[in-house]
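Reviewing the structure listed below.
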Amino acid sequence: RDEAKSRRLVIRSMERDQLDKLTRFGHHQGVALKTTGYPYVGFEEIVSAVEADENALVVVLDHLEDPQNVGSILRTACAVGATGVVIPEDRACGITPAAVRASAGGAEYLKIAHVVNLPRAMEDLKEAGLWFTGLDWGEDAKPYTAIDFKGRSGLVVGAEGDGLSRLVRETCDFIAELPMPGGFESLNAGVAAAVCVQEGTTTHNVNIRRVQKILCEEQDVPLPRQENTDPELVRELEDCRYGVMTNAAKKVREAAGLDW
C-alpha cells in the first residue's frame, strides 16, 4: 500500500462481492489493478529485432481463440527468450486479461504485434532472414525433432480444431508434427507449442556444445565457456554444417547423435 501511494496510485477498498463483479468473477485473490489496454508493439519493431539477431525466434499464432492456450504459449515464449510474437487482428484471441493471467506474467516481457494480414507479415519476416515451421499434420510433415531450428526461426501454431489456415500453411518453409506412439491423437495448441519450442532451443544448444567439444579435443585446446566462443571455432562449426570436409567436419559427422 505504501509503495502504491508513493507512485501516486489511487487505492480503493470494497466488499468482496463488489470485487468479484468488478473482475467478472476471476481469481483475484483480493486484489485488482485497473490498467490501460495491452501495449502491442508495431510489427516493424519485431522485423528490426529479427534483422539484428541471427538467432531470433518468432512465434506466430494463427487465429487461436482460447485465451488459456494463448497465455500458455506466451509463457513458453517468454521462458525461452523469444524475440517476439505475432497474432492476427481478427478472428483471434488478443492479449486479454485471461490470456495475461494464463501467461503467468510472461506477456508483460514479450514484444507482441497484431497484424491485419498474417501471411504477408510472415513474408516480411522471411525477407528479414526467418525460416518458418508450421505445426500441422500431413504427408509433407516431418517429426518435430527432424527440424533444424538453427539461426533465425519462426514457429507457427494453428487454431484449435482447424489447425493452420491454407495461406499460412503455404507460407511456411517446413511442416512439423508430433509423433504420438501412445495412441493419443491430439495435444492442445499450448502443449504442442511448448514441446516444439523447447525441443528446438535445447537441441540446438546441446548439439553446438557437443560439436565444440569435438573440435576442441582435435585442436587440443580447452573447451570455451558457452558465452565466450572463439570466432575461429564458430567458423569451423559453420564449415561442418554446410559440408566442408575439414578434419573437424569429418569428426563431427562421425559423432553419435548428430544428424546434419
**Prompt:** Taking only residues at least two apart or on different chains, which pairs with a member in residues 76-117 satisfy ring-ring contact (aromatic ring centres under 6.0 Å, His included)?
**Reply:** Tyr40-His114
**Request:** Indicate yes or no: does Glu127 engage Arg120 in a salt bridge with an N to O separation below 4.0 Å.
**Result:** yes
**Asked** Which other residues belong to the hydrophobic cluster containing Ile175, where Ile, Leu, Val, Met, Phe, Trp and Tyr are joined when side-chain heavy atoms lie under 4.5 Å apart, directly or via other members?
**Response** Val41, Phe43, Ile46, Val47, Val50, Val58, Val60, Val86, Val115, Leu118, Met122, Leu125, Leu130, Phe132, Val156, Leu164, Val168
**Message:** Counting neighbours of CZ on Arg75 that are heavy atoms of other residues, nucleotides or ligands and sit closer than 6.0 Å, is the number greater than 12?
**Reply:** no
**Asked** In terms of heavy-atom contacts, does CD of Glu170 have more than 12 from other residues, nucleotides or ligands at under 6.0 Å?
**Response** yes
Could you grab the distance from atom [atom1] of [X] to atom [atom2] of [Y], nearest 0.5 Å is fine?
X      : Y     : atom1 : atom2 : result
Met14  : Leu22 : CE    : CG    : 5.5 Å
Glu108 : Cys78 : CD    : SG    : 10.0 Å
Leu57  : Asn55 : CG    : CG    : 10.0 Å

**Request:** Using side-chain contact (heavy atoms from CB on, under 4.5 Å) as the criterion, point out the one residue from Leu110, Val59, Asn69 that pairs with Leu74.
**Result:** Leu110
Minimum heavy-atom separation for [X] to [Y], with atom names?
X      : Y      : value
Pro119 : Thr171 : CB-OG1, 3.8 Å
Val100 : Ala107 : CG2-CB, 4.2 Å
Ala102 : Gln68  : CB-OE1, 3.7 Å
Pro67  : Ala98  : CB-CB, 3.8 Å
Asp53  : Arg152 : O-NE, 3.2 Å
Val116 : Glu89  : CG2-OE1, 3.6 Å

**Asked** Looking at residues at least two apart in the chain, or sitting in another chain, which of them share a salt bridge (charged side-chain N to carboxylate O under 4.0 Å, His left out) with Arg169?
**Response** Asp136, Asp140
**Asked** Does a side-chain heavy-atom distance below 4.5 Å link Lys111 with Thr83?
**Response** no
**Message:** Contact between Val70 and Thr96 at the side-chain level, heavy atoms closer than 4.5 Å - yes or no?
**Reply:** no
**Prompt:** Is a donor on one side and an acceptor on the other found under 3.5 Å between the side chain of Gln18 and the backbone of Glu15?
**Reply:** yes
**Prompt:** According to a 4.5 Å side-chain heavy-atom criterion applied to Ile, Leu, Val, Met, Phe, Trp and Tyr, with indirect links allowed, do Leu135 and Leu167 form part of one hydrophobic cluster?
**Reply:** no
